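Written below as structure tokens is the structure these notes are about.
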Amino acid sequence: MEERYNPGRVEAKWQEYWSKNEVFKVTTDPSKEKYYLLEMFPYPSGKIHIGHVRNYTIGDVVVRYKRMKGFNVLHPMGWDAFGMPAENAAIDNNTHPAAWTYENISAMRVQLKKMGFSYDWDREIATCRPEYYKWEQWLFLKMLENGMAYRKESFVNWCEKCQTVLANEQVEQDKCWRCSQVVQQKKLWQWFFKITDYAEDLLVHCDKLPGWPDKVTTMQKNWIGKSIGSELKFKIDGQDEDLTVFTTRPDTVFGATFMCLSPEHPLVETLSKGTNQEAVVDAFVQKISNQERSADGIEKYEKEGVFTGAHCINPATKEKIPIYTANFVLMGYGTGAIMSVPAGDQRDFDFARKYGLEIRVVVQPRDAILDFSTMVEAYTGDGVMVNSGQFDGMDNQNAVEVITDWLEENGRGKKAISYRLRDWGISRQRYWGTPIPVIHCPSCGVVPVPEEDLPIRLPEEANLLAKGGSPLPALDYFSKTTCPACGGKDAKRDTDTMDTFMESSWYYLRYCSPRYEEGMFDPAAVKYWAPVDQYIGGVEHAVLHLLYSRYFMRVLNTLGLIDFKEPFTRLLTQGMVCKETMTCPEHGFLFPEEAKKQGDDSLACTRCGKKVEVGRVIKMSKSKKNVVDPNELLEKYGADITRLFCLFAAPPERDLEWSEDGVEGSNRFVNRVWRLAIECMDKIDAASIESFNGAASDLKFQGAKGLYIKANQTIKKVTDDIDKSFHFNTAISAVMELVNAMYTVDIDKADKEMKSVLLFCLENVLLLLSPIIPHFSEELFEKMGKKKTILEHSWPAYRDDSLETDEVLVVVQVNGKLRAKFTIGTDVDEAGIKEMALNDEKIKKYLHEKSLKKIIVIRKKQTLVNIVV
RNA sequence: GCCUGGGUGGCGGAACUGGUAGACGCAAGGGACUUAAAAUCCCUCGAGCAUAUUGCUUGUACGAGUUCAAUUCUCGUCCCAGGUACCA
């Protein structure tokens with residue numbers, strides 16, 4: 001027999017066996033309980049990296065475990081194939097997005113197969129295939145038909161020099177990443193989905209997802225950002241029109257000394273027109289239009305504003321207050337206008353100080369006196385109402401409701417709810433994505449493409465424009481068409497494509513019936529398989545992808561296509577695999593292999609020899625090039641040791657700074673098990689000795705009994721770790737401990753009883769390790785002469801009667817400090833433990849000449865005595 | 001900035017609802033086997049002190065607090081990561 005485990009030979013053998021026997025192919029089978037496990041599908045960026053390996057190994061372990069538990073398991077894989085990197089690669093390498101993507105898919109499929117993952121490859125999908133995106137276009141039409149999609153004007157990052165729209169990622173310090181031109185904000189007509197219609201439902205159900213990590217639902221709740229407040233009406237001075245603001249602090253309305261409008265607010269232009277502020281306001285609006293207009297963006301710029309020339313009337317004080325326009329007010333949140341209470345809001349305070357506006361204290365803290373002239377910052381806490389007419393002296397929290405009611409009686413306000421969540425803009429001025437199936441007709445306007453004309457195919461052979469622009473608008477054969485409504489010849493297709501989050505919002509339903517041609521999915525298949533029982537992916541997707549998916553299921557539910565609303569019953573968010581970035585002054589980001597160590601320990605670029613700067617430790621991504629390709633590990637150690645190492649390194653939810661130190665340990669462990677198995681097979685005559693399967697109490701000798709109990713404890717520990725917490729690192733540690741215990745047995749001297757226990761241990765070590773290192777375990781299982789493969793074997797069970805030894809360790813503390821330990825039988829009562837603790841020689845010297853205050857005895861998992869003197 | 005996490009030996013990590021801090025492994029040092037190497041096996045391994053045998057003190061980012069007892073709970077501070085709506 002082989003001395004050492006030979007991964008090359010063994011892994012190829014079992015991968016072939018699995019594939020030949022179609023072991024991982026699944027079909028709907030109502031006689032079996034289904035289990036749908038899904039890992040987030042990868043973007044085909046070229047090669048898989050260690051982050052993928054970690055994600056997919058976690059999933060594969062759970063899949064193999066669930067199979068052994070008797071479930072009918074769906075475990076598919078595919079490609080999130082549309083997206084910007086393909087366009088960037090096409091420009092950089094003078095290739096084509098489609099060619100690049102398909103090549104990457106082929107290469108990555110080979111790598112995944114080498115890892116031995118248990119995918120049903122017959123269900124593979126790629127979202128860039130018309131057979132897939134056809135149904136996305138179909139859904140878009142349904143949403144349009146049902147008023148779930150609409151068009152409005154909104155801003156994009158625009159590079160004038162490249163004549164193209166830039167993604168946020170392509171904007172570096174307000175400049176274009178390709179040409180360093182200052183980026184402008186350009187207004188375009190774009191499509192939006194009314195996700196805000198579901199804001200409340202998405203929010204409420206965050207608390208009905210017990211299988212999700214709290215941190216993820218918390219992030220989603222904060223993202224949706226429900227705030228309860230009031231809508232107040234401020235009459236514009238000299239006009240009949242009202243300005244409506246949303247505020248969460250109606251109690252401070254008496255302190256509203258000015259008003260701020262978002263520069264995009266339609267009234268900004270109207271109000272300033274004809275006043276002597278007109279020119280100033282126009283210039284300001286123009287200036288702000290080049291700033292990034294998002295909640296994140298506004299933090300980057302200095303807060304500034306200008307007077308519009310108009311005033312409005314504070315509905316509480318009836319005073320005339322100036323209306324400003326300011327860059328920190330966003331059109332997309334609330335009403336695009338705020339009442340400014342400088343005494344109670346820091347931004348308003350800064351603004352008021354900067355422009356010399358009035359500050360009026362309306363909420364006085366209970367432990368200090370605020371004076372508007374000496375205040376250095378706003379007071380946002382609670383307190384007593386002042387300067388607020390009939391409400392003076394009231395607790396401000398009570399005033400919230402009372403003032404709102406009062407204003408409502410006067411027709412100047414009402415209670416209102418506002419959400420931070422905005423509608424989902426899905427139009428992209430890009431090429432490599434799903435075409436939006438509408439036609440623009442000069443006489444009929446926006447006309448949906450008739451269903452029978454789907455899919456609207458993306459012309460895959462089209463070439464990107466040099467600077468990254470989409471070729472679609474200029475491709476007459478694509479864009480020119482006849483209007484389906486009036487037959488007009490001068491109609492044009494929408495040349496925008498959809499946000500790639502669309503594809504990933506429903507792919508898991510497509511997997512249920514990937515070749516179905518009558519709709520998005522076969523309803524019967526979805527009824528059997530969906531929703532996904534366990535979803536696994538990076539925590540980076542905690543909000544966007546996961547929220548969009550939840551939204552899509554609500555849309556499909558509303559449309560009557562599915563009978564559930566939540567796509568993922570259980571969610572595991574894996575931590576990021578991180579690595580430092582490296583940049584060369586000449587070549588930008590470098591792959592790890594492109595930086596070479598020099599004599600003085602600094603790094604040099606392998607292309608130009610310039611000094612490489614080592615950056616922060618951040619998540620692995622192709623765009624930053626800080627990726628580690630698993631191929632080297634795979635060649636040296638094989639798939640199983642790579643899998644084992646990834647799992648042993650840290651629990652899944654933890655971020656991991658990548659290092660290969662320690663892989664030797666995994667290699668050593670696997671070979672240790674191999675040698676142990678070979679030795680057991682050589683020295684234990686399997687024909688005359690059977691693996692032990694009784695109770696620990698049936699064993700005569702302490703050695704065998706102890707080992708048997710250890711084995712049962714290990715089965716329990718590994719089962720719990722895989723099933724309940726996904727803590728594979730501690731599961732592996734537990735098996736290592738059992739293997740170490742087995743090594744202490746001298747097989748040559750072992751009696752029949754011990755040999756029988758050893759066989760039990762060996763079998764279970766292989767069964768417990770089989771989801772983690774499947775090729776290795778199959779090989780040894782076969783060598784042991786087992787008829788069934790490990791995959792057909794059921795998961796081992798432990799005996800409740802064989803989990804505990806008959807001795808308990810007692811830990812004795814004096815004033816909380818550990819002073820002594822001893823063991824007792826399980827039958828000693830609390831009084832007996834106390835007595836033994838007090839009479840212990842080591843303890844006695846601490847009690848000398850001191851009076852006993854208290855003795856605490858804890859008998860839980862540990863037995864502990866704390867003597868307080 | 002805001003939201004969400006995280007911080008434990010030289011390193012990865014363990015400690016389940018507060019109860020022996022450092023399981024398991026890596027690296028390092030010492031030893032055995034060997035002509036040698038690889039492989040394997042054994043021992044040591046948080047820090048400081050010591051009567052250097054099993055003793056004492058200290059230690060889980062930092063500073064306070066609650067408790068008989070805090071890595072675990074509360075408050076504050078620092079640092080790191082993820083997200084921040086067009087990277088996926």
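In this text, all values refer to a predicted model and were calculated from it rather than measured experimentally. Just so it is clear: chains get the letters A, B, ... in the order the sequence lines come, proteins before strands, and each one is counted from 1.
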Quiz item: Distance between the P atoms of B:rC11 and B:rG7, in whole angstroms?
Solution: 15 Å

Quiz prompt | 5′-ward residue of the pair A:G816/A:V663 relative to RNA chain B | solution = A:V663

Quiz item: Touch check for A:K817, heavy atoms < 4.0 angstrom, all strands: base, sugar-phosphate only, or nothing?
Solution: sugar-phosphate

Self-check item: Nearest-angstrom distance from the residue atom CD of A:Q813 to P of B:rU67
Solution: 18 Å

Quiz item: B:rU77 and B:rA88: how far apart are their P atoms, nearest whole angstrom?
Solution: 37 Å

Quiz prompt | Upstream residue (5' side of RNA chain B) when A:L809 and A:Y743 are each assigned their closest nucleotide | solution = A:L809

Quiz item: Below 4.0 angstrom, N of the basic side chain to O of the carboxylate: do A:R428 and A:D496 qualify?
Solution: no

Quiz item: Is A:N866 near enough to B:rG19 that one of its side-chain N or O atoms lies under 4.0 angstrom from OP1 or OP2?
Solution: no

Quiz item: Which nucleotide sits closest to the side chain of A:V165: B:rA85, B:rC86, B:rA81?
Solution: B:rC86

Practice problem: Determine the interatomic distance between C1' on B:rC62 and the same-named atom on B:rA14; round to the nearest Å. | Solution: 24 Å

Practice problem: Please work out if A:H541 contacts a base, only the sugar-phosphate, or nothing of the nucleic acid, heavy-atom cut-off 4.0 Å. | Solution: base

Exercise. Determine the interatomic distance between C1' on B:rG46 and the same-named atom on B:rU35; round to the nearest Å.
Key: 41 Å

Quiz item: Which nucleotide in the set B:rG55, B:rA88, B:rG19 lies at the smallest distance from any side-chain heavy atom of A:T500?
Solution: B:rA88

Quiz item: Taking the six-membered ring where the residue is Trp, are the ring centres of A:F552 and A:W506 under 6.0 Å apart?
Solution: no

Exercise. Verify the ring-centre separation between A:F192 and A:W424: is it less than 6.0 angstrom?
Key: no

Quiz item: Does a salt bridge link A:K844 with A:D840, judged by any charged N lying under 4.0 Å from a carboxylate O?
Solution: no

Quiz prompt | Nucleotide paired to B:rA61 in any strand shown, Watson-Crick or G-U, under 3.5 Å | solution = B:rU77

Quiz prompt | Validation row, ring centre A:Y132 to ring centre A:Y507 under 6.0 Å | solution = no

Quiz item: What does A:I732 touch in the nucleic acid at a heavy-atom separation under 4.0 angstrom: a base, only the sugar-phosphate, or nothing?
Solution: nothing

Quiz item: Taking OP1 and OP2 of B:rG25, is either one under 4.0 Å from a side-chain nitrogen or oxygen of A:R672?
Solution: no

Exercise. Tell me which nucleotide among B:rC87, B:rG19, B:rA14 gets nearest to the side chain of A:M84.
Key: B:rC87

Self-check item: From CA spacing to verdict: side chain to side chain contact (heavy atoms under 4.5 Å, CB included), A:D207, A:T217
Solution: CA-CA 7 Å; A:D207 291 324; A:T217 45; 5.9 Å; no

Practice problem: Examine B:rA81: is either OP1 or OP2 under 4.0 Å from a nitrogen or oxygen in the side chain of A:R616? Give yes or no. | Solution: yes

Quiz prompt | Among B:rC26, B:rG12, B:rC56, the nucleotide that comes nearest once only the side chain of A:Y846 is considered | solution = B:rC56

Quiz item: Is there a donor and acceptor pair, one atom on the side chain of A:Q220 and one on the base of B:rC3, closer than 3.5 Å?
Solution: no

Exercise. Report which part of the nucleic acid A:V543 touches: base, sugar-phosphate, or nothing (heavy-atom distance under 4.0 Å, all strands).
Key: nothing

Quiz prompt | G-U wobble or Watson-Crick pairing nucleotide for B:rG19 (cut-off 3.5 Å, both distances) | solution = B:rC68

Practice problem: Can you tell me, in whole Å, how much space there is between the C1' of B:rA32 and that of B:rA36? | Solution: 16 Å

Quiz item: When we call it a touch if two heavy atoms are under 4.0 Å apart, what does A:Y43 touch: a base, just sugar-phosphate, or nothing?
Solution: sugar-phosphate

Quiz item: Does B:rA52 have a Watson-Crick or wobble partner in any strand here, with both distances under 3.5 angstrom, and which is it?
Solution: none

Quiz item: Which nucleotide sits closest to the side chain of A:K215: B:rG25, B:rA88, B:rU4?
Solution: B:rU4

Quiz item: Phosphate oxygens OP1/OP2 of B:rC87: is one of them under 4.0 Å from a side-chain N or O of A:K619?
Solution: no

Exercise. Measure from NZ or CZ of A:R672 to the centre of the six-membered ring of A:Y743, then state whether that distance is under 6.0 Å and the direction lies within 45° of the axis.
Key: yes

Practice problem: Taking atom P in both B:rA64 and B:rU72, compute the distance separating them and give it to the nearest angstrom. | Solution: 14 Å

Exercise. Look at the side-chain N and O atoms of A:R420 and state whether any lies under 4.0 Å from the OP1 or OP2 oxygen of B:rC2.
Key: no

Quiz item: When all nucleic acid strands are considered with a 4.0 Å heavy-atom cut-off, which category describes A:E653: base, sugar-phosphate, or nothing?
Solution: nothing

Quiz prompt | For B:rC2, the Watson-Crick or wobble partner whose two distances fall under 3.5 Å | solution = B:rG83

Quiz item: Base, sugar-phosphate alone, or nothing: which one does A:A650 contact when heavy atoms must sit under 4.0 Å apart?
Solution: sugar-phosphate

Exercise. Check every strand shown and say whether A:I618 touches a base, only sugar-phosphate, or nothing at a heavy-atom separation below 4.0 Å.
Key: sugar-phosphate

Quiz item: Is B:rG46 in the syn or the anti form, by the rule that syn lies within 90° of 0?
Solution: anti

Quiz item: Contact class for A:W223 vs. all strands (heavy atom < 4.0 Å): base, sugar-phosphate, or nothing?
Solution: base

Quiz item: Partner of B:rA39 by Watson-Crick or G-U wobble geometry, both contacts under 3.5 Å, or none?
Solution: none

Practice problem: Assign A:E657 to base, sugar-phosphate, or nothing according to its heavy-atom contacts below 4.0 angstrom with the strands shown. | Solution: nothing

Quiz item: Do A:Q170 side-chain and B:rC87 base share a donor-acceptor contact under 3.5 Å?
Solution: no

Quiz item: Between A:E540 and A:K619, is there a side-chain N and carboxylate O pair less than 4.0 Å apart?
Solution: yes

Quiz item: With respect to the phosphate group of B:rC56, does any side-chain polar atom (N or O) of A:R819 fall under 4.0 Å of OP1 or OP2?
Solution: yes

Practice problem: Determine: side-chain N/O of A:R654 to OP1/OP2 of B:rG13, distance under 4.0 Å, yes or no. | Solution: yes

Exercise. Would you mind telling me which of B:rC87, B:rC86, B:rC68 lies closest to the side-chain atoms of A:D499?
Key: B:rC86

Quiz item: From B:rC16, B:rG12, B:rC87, pick the nucleotide closest to the side chain of A:Q862?
Solution: B:rC16

Practice problem: Using a cut-off of strictly less than 4.0 Å, decide whether A:R428 has a side-chain nitrogen or oxygen near OP1 or OP2 of B:rA88. | Solution: no

Self-check item: B:rA88 pairs with, by Watson-Crick or G-U criteria that keep both distances under 3.5 Å
Solution: none

Exercise. Among B:rG19, B:rG13, B:rG25, find the nucleotide with the atom closest to the side chain of A:K860.
Key: B:rG19

Quiz item: Touch check for A:P42, heavy atoms < 4.0 angstrom, all strands: base, sugar-phosphate only, or nothing?
Solution: nothing

Quiz item: Is any side-chain N or O of A:N88 closer than 4.0 Å to OP1 or OP2 of B:rC87?
Solution: no

Self-check item: Salt bridge flag under 4.0 Å for residues A:D423 and A:K152
Solution: no

Quiz item: Would you say B:rU4 has OP1 or OP2 under 4.0 Å from some side-chain N or O of A:N222?
Solution: yes

Practice problem: Describe the nucleic acid contact of A:Q190 in one word from base, sugar-phosphate, nothing, applying a heavy-atom distance below 4.0 Å. | Solution: base

Quiz prompt | Pairwise P distance, B:rA47 and B:rG9 [rounded to whole Å] | solution = 12 Å

Quiz item: Base, sugar-phosphate alone, or nothing: which one does A:F501 contact when heavy atoms must sit under 4.0 Å apart?
Solution: base

Quiz item: How is A:D720 classified with respect to the nucleic acid when contacts are heavy atoms under 4.0 Å: base, sugar-phosphate, or nothing?
Solution: nothing

Self-check item: Nucleotide of B:rU4, B:rC26, B:rG12 approaching A:T218 most closely (side-chain heavy atoms)
Solution: B:rU4

Self-check item: Salt-bridge contact A:E737-A:K710 (side-chain N to carboxylate O under 4.0 Å)
Solution: yes

Quiz item: Cation over ring, A:R4 on A:W674, under 6.0 Å and within 45°?
Solution: no

Practice problem: Side chain of A:T730 only, please: which of B:rC26, B:rU20, B:rA14 is the nearest? | Solution: B:rA14

Exercise. Pick the P atom in B:rA15 and in B:rC73, then give their distance to the nearest Å.
Key: 14 Å

